[in-house]
Amino acid sequence: MTIKTRFAPSPTGYLHVGGARTALYSWLYAQKMGGEFVLRIEDTDIERSTQAAIDAIMEGMEWLGLEWNEGPYYQTKRFDRYKELLTQLLEQDKAYRCYCPSERLDAMREEQMANGEKPRYDGCCRNLSEYPTDVDHVIRFRTPQEGSVTFDDHVRGTITTQNSELDDLIIQRTDGSPTYNFCVVIDDWDMDITHVVRGEDHINNTPRQINILKALGAPIPEYAHVSMILGDDGKKLSKRHGAVGVMQYRDDGFLPEALLNYLVRLGWSHGDQEVFSIDEMKEHFSLDGINKAASGFNTEKLLWLNNHYIKTMDTSYVAKHLQWHMEEQGIDMSNGPALTEIVSAMGERVNTLKELAAASKYCYVDFEEFDANAAKKHLRGVALAPLELVATKLAAIDEWTAENIQQAIEATACELEVGMGKVGMPLRVAVTGAGQSPGLDITLKLVGKARSVERIAEAVKFVAARINS
Ligand code: GLU
C-alpha cells in the first residue's frame, strides 16, 4: 500500500504557523514512508476564499520546501463528482431531503441550548412519505441511529462516539453546494488518502466523516489530530502574537530550515534532540511521536535555532538568502566583499538574516554619521595620534590581508606605547561607524583598503573639529 497524505487548507488567509506545522507533519510522514503528498485547496466557501490566499499558501509551502507530488486539487472543480455521490446516497436512501425552515431550526437550537442540551437536528424530515424536489431543501446524511464509531487516532488514542450523539448533518445546502464534511470525505477517498493529519479542531468531524465513508463503501483512512499551538501567553496562537504568517518569518530574516526545525519540535519529540536536519526529520518522524498536549510558541528558541543554522549551514546557501535581505534593504552590493565572506565573518553574531544585512551594510556603502554614543566615547582628542598613525601604516600595506592589517594595528600601539584598545576602538568607530564589529583585522579586510583609509581620514577630521570646538 502506498502511503498518501494530504494538506487541505481553506484559502481564506495566508499560511500560518499552525497550518505550516500540519503540512510539515503530513509531508514528513509521506517522505518517511516513501509515500506521496497531496495539496488540496478547499475552496468551497466561495465568499471567503481568495486567489491571493491560494497564492500565499503555495508561496509559503514552496519557501519551506514542502513540495507536493499531486495537486493542487480544487474542490470547486469537483462539484460534478460530489453531485454524483449525493445522488447515489439519495437513491440508496442513505441521505434525504429536508425542508425544515431555518426559523424552526433556530428555535429548536435555542430551546436545546436553554435546556443545556447539545444542539442537534431532531430528524423531522427523516421519514416523510414524499420528498418533492421542487421545494427549497437541504440534503442531510442519514446517520445510523444505533451503534457507535470508533477510530484509533495516532495522537489521541482510541476515540469512540455513540451514533446517538450525532445528528443528521447537512451535506448539501439549499443553494445546491456540498458542505465541508461531504467534500472532504469524497476527496480523501478519490485521492486514496491513507493518513489524514490535521488540526484537532476537526476531531468532532471525524466520526461523521467515517459514517459517510462507510455509507459509500469507502475505506477508512488513519487519523492523526494535531493539538493547538499557544502563544507565549498561553492563549491560542493568533495574529495578536505577531508574526504568524510563514512569509513573515522570511521577511524577519529566518532560514526555512530553522522554521522547519522549530515547527517539527513544536509538538513532536525524538528523545531530547533539538536540532534536526531535514534528513534527520525524515528518518525519525513518526505520527505516534506527536504530543497530545498543546504546544507553546517560544520565539527565543526559534531565534536560537536560526542562529545555529546561519552559522552552520553552507555559507553559499546562507548567502543566497542573505542576498534577498540585502536587496530588500536597498543595499547596493556592487562594491564590497562576497556575501559568503559576510556570512563566515559575522554569521555567528546575529540571530536573523535581516540583522546580518543591516550589520554588514558598512562593508558596501558609507554610513551617514558615526553612532553618537560610540563617537562620544572613542573619537576624542586622545584618538587623534593613533588614528593618524594607523592610517599611514594601513595605507602602506601591499597585500590587504587580515594578518597585515593586524600587524599595522599592533605596530601602531607599540610605537605610541598605548594599549591595543586605544588604537582599536577609535579605529573600529572610524571604519564601521559603530562600537561593535567582528575582529578588526577581519572587519577592515571586508571593508577594503581604500574605503578604510578614507573613513579614518573622515574620523580624523571629526576628532580635530571636536578638539577645536
Ligand atoms: N480545510 C480544512 C481547514 O483548513 C482542513 C480539512 C481537513 O484537513 O480535513 O481547516
Side-chain angles (χ1 to χ4, degrees), residues 3-30 35-58 60-61 66 68 70-79 82 141 149 151 153-156 159 169-171 173 177-213 216 218-229 236-239 244-246 263 267 287 290:
I3 298 296
K4 221 166 160 193
T5 62
R6 68 352 180 241
F7 178 50
S10 304
T12 55
Y14 45 39
L15 180 65
H16 53 84
V17 288
R21 185 185 59 165
T22 305
L24 171 64
Y25 287 179
S26 258
W27 176 83
L28 268 181
Y29 190 63
E36 299 201 329
F37 176 59
V38 175
L39 175 61
R40 180 169 81 220
I41 305 292
E42 304 208 320
D43 54 351
T44 51
D45 185 344
I46 298 170
E47 300 273 289
R48 295 176 61 226
S49 301
T50 64
Q51 186 58 45
I54 295 173
D55 294 344
I57 289 167
M58 293 209 251
M61 290 181 70
L66 303 178
W68 51 94
E70 237 183 80
Y73 291 110
Y74 294 87
Q75 289 188 323
T76 44
K77 296 202 177 133
R78 292 176 42 78
F79 277 8
Y82 306 140
F141 176 69
V149 188
F151 66 99
D153 190 83
H154 279 274
V155 182
R156 320 224 127 232
I159 297 177
L169 73 150
I170 296 175
I171 52 179
R173 301 183 190 90
S177 61
T179 59
Y180 158 74
N181 274 306
F182 191 68
C183 301
V184 165
V185 158
I186 310 307
D187 289 349
D188 285 340
W189 180 27
D190 282 352
M191 293 166 198
D192 298 318
I193 301 302
T194 59
H195 292 74
V196 171
V197 181
R198 61 182 170 197
E200 70 173 3
D201 46 333
H202 288 291
I203 205 156
N204 292 333
N205 288 322
T206 306
R208 299 172 182 281
Q209 294 180 6
I210 291 177
N211 275 331
I212 303 176
L213 285 162
L216 291 163
I220 316 294
E222 293 185 35
Y223 293 91
H225 287 91
V226 182
S227 63
M228 276 192 310
I229 301 179
K236 188 170 190 265
L237 195 68
S238 72
K239 284 189 196 143
V244 289
V246 162
L263 290 176
L287 295 176
I290 299 175

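Each ligand, and each atom within it, is numbered from 1 in the order the structure gives.
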Distance to 0.1 Å, residue and atom name: give those for the protein heavy atom nearest to atom 8 (O) of ligand 1.
R6 NH1, 2.6 Å
Side chains of Y25 and V226 in contact at under 4.5 Å (non-hydrogen atoms)
yes
Does D153 use its side chain to pair, donor to acceptor, with the backbone of H225 at less than 3.5 Å?
yes
Give the numbers and elements of all ligand 1 atoms closer than 4.0 Å to a heavy atom of S10.
1 (N), 2 (C), 3 (C), 4 (O)
Write out the residue and atom name of the closest protein heavy atom to atom 1 (N) of ligand 1, then the distance separating them to 0.1 Å.
E42 OE1, 2.5 Å
So the atoms of ligand 1 within less than 4.0 Å of a heavy atom of Y180 turn out to be 6 (C), 7 (C), 9 (O)
To which protein heavy atom is atom 5 (C) of ligand 1 closest, and what is the distance rounded to 0.1 Å?
A8 O, 3.3 Å
min-distance protein heavy atom vs atom 10 (O) of ligand 1 -> H202 NE2, 2.8 Å
Between Y180 and H202, a side-chain donor and acceptor under 3.5 Å:
yes
Parallel under 30°, tilted from 30 to 60°, perpendicular over 60°: which one fits the rings of H195 and H154?
tilted
Is the closest heavy atom of F7 to ligand 1 under 4.0 Å?
no
Taking atom CZ of R173 as the centre, does the number of heavy atoms from other residues, nucleotides or ligands within less than 6.0 Å exceed 12?
yes
Minimum side-chain heavy-atom gap T44-F79 below 4.5 Å:
yes
